[in-house]
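Since the structure comes first, as structure tokens, the remarks are kept for the end.
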Amino acid sequence: MSEHAVDLSKMKISDEVAIQIAAMNKWYGTFHVLRDINMTVQKGERIVICGPSGSGKSTLIRCINRLEEHQSGQIIVDGTELTSDLKNIDKVRSEVGMVFQHFNLFPHLTILENCTLAPIWVRKTPKREAEETAMHFLRKVKIPEQANKYPGQLSGGQQQRVAIARSLCMKPRIMLFDEPTSALDPEMIKEVLDTMISLAEEGMTMLCVTHEMGFAQAVANRVIFMDQGQIVEQNEPREFFNNPKSDRTKLFLSQILGH
Amino acid sequence: MAPTSIAFTRDTMLPPELPPASQRGAVKWARENLFSGPLNTILTLLALLVVFLIIKASLPWWLNSVWNASSLGECRAIVAASAGEGATGACWAMIRERWHQFIFGFYPPSEWWRPTLAFGLLFVALAPVLYSGIARLNTMMVGIVGVVLVVVLFLLGTDGLHIGLVAVLMAALTGVARVATPKLILVTLLYPFVGFFLLWGGSVWGPVGVIAGFGIMVLVYNLLQARLGVVMATALGFVAACVWWLALQTTVTTALHSILPWGLEAIDSDQFGGFLLAFTIGVTSISVSLPIGILLALGRRSDMFLIKTLSVGFIEFIRGVPLITMLFTASLLLQYFLPPQTNFDLILRVIILVTLFASAYIAEVIRGGLAALPRGQYEAADALGLDYWQAQRLIIMPQALKISIPGIVSSFIGLFKDTTLVAFVGLMDPLKGVTTIVRADINWKGIYWEPYIFVGAIFFVVCFGMSRYSMYLEKKLKTDHR
Amino acid sequence: MAIASDAPKDFRLSMLIYDTRFRAITIQVIVLLLVLLGVAWLLNNTIANLAAKDKDIDFGFLSARAGYDIGQALIPYTNDSSHFRAALVGLVNTLVLAFFGCVFATILGVVAGVLRLSNNWIVARLMTVYVEMFRNIPLLLWIILAYVILSETLPTTADFRKSAALIADGLPPIATMSFGDTVALTNQGLNVPSPFFTRGLGFINIGDLAISVSFLAVAAVLAVSILVNMGVLRRARVIQEATGDRPVTWWKSLLILIGPVAVLCIAMGLSFDLPVMGKFNFAGGISIDHAFTAMLVALTLYTGAFIAEAVRAGIQAISRGQSEAAFALGLRPNRTMKLIILPQALRVIIPPLISQWLNLTKNTSLGIAVSYLDLRGTLGGITLNQTGRELECMLLMMLIYLIISLIISSLANMYNASMKLKER
């Protein structure tokens, strides 16, 4: 992944705050899934969140667009605090894109309709304009020729690229990725990661839950390790991988990179 | 941005805490589940109103129940005396007096142990099918059935001799289940004959003769199979059995009966009634319709045009007409289609038509199960060199039937409910047949809630129980597949 | 393979069973022979039995005088009409009951199914109780119970009478009419108001069937309104596609759908003929037989429970991921329902829904329990008993039920074929 034109490590990260999470806690019933989460994400940051399964990393990023509700603390996304106020939730969701592990494309709509649905109904974009935008992003993820097919007719990798294009059509300022490559065959992982890298090169603020450590090393400016619902360690990738501080991090890295 | 500003390591892990008070407890539960918005609040209030109205209307009726009375008038007098004029009260005294008709119809009280035992043995026969080979579960099932049987027989006032015999039989079966679990399948195979003998009675030699026919079939098959091959041996075995059944059996059994006149008091079909009748028709039809349904399902998926057309035609015809028309066919038309002067029992005729009806529905259920099997299973069976029937018997059917169990159970539930329709061809089903008789009695004229609640409750317990069991099975099968 | 497809050089008899080329044909020929033998046996028996009873097969009885009355006849019928006419009246009764049953059961089922998934605990529980109670107790019980309650708890017609004795005592009659004196619930039937037009457009006669032009006019206006409304919705979509903003349409739709019909009804002078207690009986209005009401209530409640289950399963079959993806894109819950969940859930719900309609239609034959004179009650009941033509009546009746079923299930197949999801 070194052949890319832009040197990501030199990319400027703005001082503007994109996401601010303070003393946030979440429970499922009485089970304490997220414990005292504090983090600040600047515009243009590319953050990889990793950790063993059940550590709460997916829940954390799902809280950021309120697919999950937090019970205490604060989440401020792009200046809007997430509360039970529907207006705020709408505002945040229209500015935060999300890509799921299982793509979640709408099987009854064509690729193009998948991409234009939200711009038309949420952004109130005229149809033609929405379609032009959609084709632009489909070209970008390199599948414009599939526009009139249905999701079921595409391979997994293609579906995930459509899902990315679908999010981009809303012109989001922040992108959340929830294990975007976990459900893919090995030969398809690269095409999705390449798409994500080119997004990073354009300066998109990205939060990515993934086990692709190569991707983390090449793209992320910060790696966060979570365990038992809390942030255990965070650092820039080189330090994180070469010189982990916490025993839990060491154990996790040895298991994931051990062979 | 300097790395120092983002570097962070946690040195002590946070212990889990309880959610804040505002986020737990009854208040939060009520706010989320009952009053989460204006619409929800209105719905909740409406629902509470409905519940309140139902309770207000029916609670006094239940509380003023009368269990001891000899007529509806007496019931009403007792309610009026205890709860005041104009009060309503249930009159369960009717059930107390007539419960046996709802359960057994006009089956003679001294013989009630027979259908009861037959019903108990049904579960013993089912045990090897449900818990294939697991000794512990089989033993438990047979043991529990035995204990329940003895208690029920005692409550029914059965004489000591029969209770004793049943206790010994069940103890022996429990022993078999414990020591030689696979042998229990013999009970399953013999059950149709035992059940028939227990219910209808008559000479023991009739059922024995029929079993002997099957014995002859197996014997001929085993003798000839090595020399003539499977197909010819099966055909000759079948022919031999037919010769026995049609030509020899009656003579031999009559002779045996005159030497050893063993048997039970013969019970006429018109003495059958109530849930006894419903279970007899339901269980027989579903079990006989299973093999027919399997054949029809295979026929419908066959590549052979003629076989496929015949199967589809049969299935769609049956599914296209109401059950009532099938029942009327049994009572009115079957006599036209059979050789002149054949005249047999109405229950049997009804069972035949209900079986045909059920087999079309079972066929569709099994077809669904077959379709759910991945193609790879067929290919693997072919690749192993199995022929069609071997592949079906060893690979396809065990899996397809397992997937179909929930569908088969719900077919049975539907059929069991539909057995009430036999009332319209003059049989005494629990719902219309027996209730009409009760309501025609001058003592109980004008009673309507009580018999319907009683019959409905039994149907509910049986059907709801079975549907829950099949849901449990479905869940278990799902986890098995993972 | 090339050799196998050549014509066999030396043909042996065993190849009929062991050669894959002939095996299928052999089996089919054997099955055909067996089936033909079976059919021949049945036919032979039937002919012998008919001869023994001195009967033949003759559908001539259909044109003979029926000689019995049918309480609910929606096409002109007297006891002088033919058996064929009686069967037709029965068929209409079957279809009317099935139609209203399907409509009401679907409404009830959809509401109950959606409410069962509601996050309101008590409403969801109530709906579960409803669904399980009706699914697990025979339909026949509900039919009989509804009928018995209607015919044994409601007051007699005489109770509504202001007899001389009551007037002398200054007492009101024992029973009073409901809903502002418009509906009389008696143990004989439900007397409800019947609509008519004071300035109506008259009738046209087709054969002996009089069709009200006024009702046709109302239907026509309604149809035009629906077309216009579709136009409004289409225009809204065009505007949305062009500018991005969707004009608000609900009040326009409401106005268009209700307005013209209301105006027409007022113009033609719509009024209601109320049932009024005469000397001995109610005059005016329409009297609905309890048999019909009981059947309709029981079929609606029973089938509604099954439909509720299908609706619930259909909505639950749509994975959580679908609504999450829609939420993540910023769609509001009601839009998510309309654009994402419903279009997918309908594919799952409609096939079992149609099969429930089929069941309901077949179950109308249970009208026998309350002497509802449907197809089975006329053709397969009184006509059969009067003429003794069991074979002919049963055959005709089964054939008609079969045709109705096939029409409904071909609907289902057409829907399935058109809605199949495209997959690799």
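Keep in mind that what you see is a predicted model, and the values were worked out from it rather than measured.
Summarising the geometry, atom CZ belonging to B:Phe424 is positioned 8.0 Å from atom CZ belonging to C:Arg376; distances are rounded to the nearest 0.5 Å. Here CG of C:Leu34 is found 11.0 Å from CG of B:Leu310. Values are rounded to the nearest 0.5 Å. Atom CG of C:Asn45 is separated from atom CZ of B:Phe337 by 10.0 Å, given to the nearest 0.5 angstrom. For the atom pair CH2 (B:Trp449) and CG (C:Leu145), the distance works out to 5.0 Å, reported to the nearest 0.5 Å. Note that CD1 of C:Ile137 is 9.5 Å distant from CZ of B:Phe459, once rounded to the nearest 0.5 Å. Going from atom CD of C:Glu152 over to atom CZ of B:Arg439 covers 4.5 Å, rounded to the nearest 0.5 Å.
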ask   = C:Ile144 and B:Thr435: side chain to side chain contact (heavy atoms under 4.5 Å, CB included), yes or no, with the steps?
value = CA-CA 11 Å; C:Ile144 297 177; B:Thr435 307; over 6 Å; no
ask   = For B:Asn40 and C:Asn119, what are the C-alpha separation, side-chain angles and deciding distance, and is it a side chain to side chain contact (heavy atoms under 4.5 Å, CB included)?
value = CA-CA 9 Å; B:Asn40 244 335; C:Asn119 50 10; 3.2 Å; yes
message = Using the rule given for side chain to side chain contact (heavy atoms under 4.5 Å, CB included), can you reason through C:Met394 versus B:Thr329, listing the C-alpha separation, both sets of side-chain angles and the distance that settles it, and then say yes or no?
response = CA-CA 7 Å; C:Met394 291 293 293; B:Thr329 307; 3.5 Å; yes
request  = Begin from the C-alpha positions of C:Val31 and B:Met304 and carry the test side chain to side chain contact (heavy atoms under 4.5 Å, CB included) through to its verdict.
outcome  = CA-CA 11 Å; C:Val31 168; B:Met304 290 182 255; over 6 Å; no
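For the pair C:Asn136 (side chain) and B:Phe460 (backbone), a donor-acceptor distance under 3.5 Å is absent. Judged by distance alone, with hydrogens and angles left aside, the side-chain atoms of B:Lys417 form no donor-acceptor pair with the main-chain N or O of C:Leu140 at under 3.5 Å. C:Gln28 places a side-chain N or O within 3.5 Å of a backbone atom of B:Leu306 that can act as its donor or acceptor partner.
Contact annotation for B:Leu338: both backbone and side-chain heavy atoms come within less than 4.5 Å of a heavy atom of chain C. B:Val51 touches chain C through its side chain: at least one heavy atom from C-beta onward sits under 4.5 Å away, while N, CA, C and O do not. Neither the backbone nor the side chain of B:Ile458 comes within contact range of chain C, judged by heavy atoms closer than 4.5 Å. Contacts between B:Phe416 and chain C at a heavy-atom distance below 4.5 Å are absent for every atom of the residue.
Atom CZ of B:Phe238 sits in a sparse spot, with 12 or fewer heavy atoms from other residues, nucleotides or ligands closer than 6.0 Å.
Here B:Pro322 is the residue among B:Ser467, B:Cys463, B:Pro322, B:Ser302 with the most heavy-atom pairs under 4.5 Å with chain C. When the candidates B:Ala47, B:Gly456, B:Pro339 are compared by the number of heavy-atom contacts under 4.5 Å with chain C, B:Pro339 comes out ahead.
Each of B:Thr325, B:Leu323, B:Val321, B:Ile324 was evaluated against C:Ser365; a single residue qualifies, B:Ile324, per the side chain to side chain contact (heavy atoms under 4.5 Å, CB included) test.
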